[in-house]
Amino acid sequence: EPEVTQTPSHQVTQMGQEVILHCVPISNHLYFYWYRQILGQKVEFLVSFYNNEISEKSEIFDDQFSVERPDGSNFTLKIRSTKLEDSAMYFCASSAGTGTKSGNTIYFGEGSWLTVV
Amino acid sequence: GQNIDQPTEMTATEGAIVQINCTYQTSGFNGLFWYQQHAGEAPTFLSYNVLDGLEEKGRFSSFLSRSKGYSYLLLKELQMKDSASYLCAVTSGGSYIPTFGRGTSLIVHP
């Protein structure tokens, strides 16, 4: 069964450093997303991406964050100058986006644990 | 904005049935998702309701009442592996991006 894959599974970084999280969405999907989940808290939407541009973003997704689709398969989240409060699980997700019920279903990757020290 | 409310924690016995409720307040409701999340893992899709009524999928069923802003997830023949968080998420307005509730932690004991 197709799945969203993410790397790295866990990354430890020093405060102030830049981090890039990598994702390979499901191959025929058109919409891509980043969510995060701080330990013990709810899953929070960061950004969605369609047709090589950001389609929606939340208040969390400020200038510290950026996304890119550098080639036909990868989708990355860059966090500049990381802060302690950026420590969280970051989930990549994708959906087919066909406008149907199944097309709107979002499938999540296994996540990348980011620890900022 | 959206307001999604679920119980924080529930316990049930192996082999039993449990119903996890979710209420929401939103304008321009589109649909409601249920996801299962084991600790430290990704949310796994369970169901997506857009119309009123009950949808059954194996041991899991999901119900929606749009007029009441209410949904429930019904789990039958509970197994120990069903111990997990169950996340209710709603899409609304012009967006099909789900907003998640805090989740319900279900503990299944022998």
Side-chain angles (χ1 to χ4, degrees), chain A residues 1-6 9-10 21 23 25-26 29-50 54-61 88-115, chain B residues 1-9 20 22-24 26 28-53 55-57 60 62 64 66 71 84-105:
Chain A
E1 184 174 322
E3 58 182 23
V4 178
T5 57
Q6 292 185 240
S9 57
H10 190 190
L21 305 178
C23 171
I26 295 173
H29 283 188
L30 301 178
Y31 287 80
F32 316 124
Y33 313 85
W34 284 101
Y35 281 79
R36 79 171 184 190
Q37 187 175 30
I38 295 170
L39 187 64
Q41 298 189 23
K42 64 180 180 178
V43 176
E44 299 176 293
F45 168 71
L46 294 178
V47 66
S48 64
F49 194 85
Y50 169 71
I54 291 173
S55 51
E56 287 186 54
K57 61 181 181 179
S58 71
E59 294 174 352
I60 303 169
F61 194 88
M89 178 77 97
Y90 288 81
F91 291 110
C92 177
S94 68
S95 65
T98 58
T100 62
K101 189 175 167 183
S102 62
N104 289 332
T105 299
I106 294 180
Y107 296 92
F108 286 79
E110 289 297 316
S112 293
W113 250 125
L114 175 65
T115 303
Chain B
Q2 296 167 334
N3 189 29
I4 301 167
D5 197 29
Q6 317 176 224
T8 303
E9 188 175 290
I20 302 174
C22 172
T23 57
Y24 62 88
T26 189
F29 174 84
N30 289 324
L32 187 144
F33 290 91
W34 283 98
Y35 283 85
Q36 179 192 61
Q37 186 180 28
H38 286 99
E41 298 184 12
T44 304
F45 170 76
L46 292 177
S47 65
Y48 180 34
N49 293 65
V50 298
L51 299 175
D52 292 350
E55 294 192 8
E56 298 184 69
K57 194 186 297 184
F60 292 8
S62 57
L64 176 67
R66 290 172 294 172
S71 172
S85 283
Y86 290 87
L87 314 180
C88 173
V90 171
T91 62
S92 64
S95 173
Y96 286 90
I97 296 170
T99 298
F100 284 82
R102 294 196 165 273
T104 299
S105 177

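Residue numbers begin at 1 in each chain, while the letters A, B, ... track the order of the sequences.
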State yes or no: are the ring centers of B:Phe45 and A:Phe108 separated by less than 6.0 Å? no

Hey, are A:Ser55 and A:Ser48 close enough side-chain-wise for a donor-acceptor pair under 3.5 Å? yes

Quick check on A:Gln37 against chain B: is it the side chain, the backbone, both or neither that has a heavy atom closer than 4.5 Å? side chain

Turns out that what part of B:Phe33 lies under 4.5 Å from chain A's heavy atoms comes down to side chain

Give a yes or no on whether the ring-centroid distance for B:Phe100 and B:Tyr35 is below 6.0 angstrom. yes

So which atom in A:Ile106 and which in A:Ala93 form the shortest heavy-atom distance, rounded to 0.1 Å? CG2-CB, 3.4 Å

Side chain, backbone, both or neither: which part of B:Ser85 has an atom under 4.5 Å from a heavy atom of chain A? neither

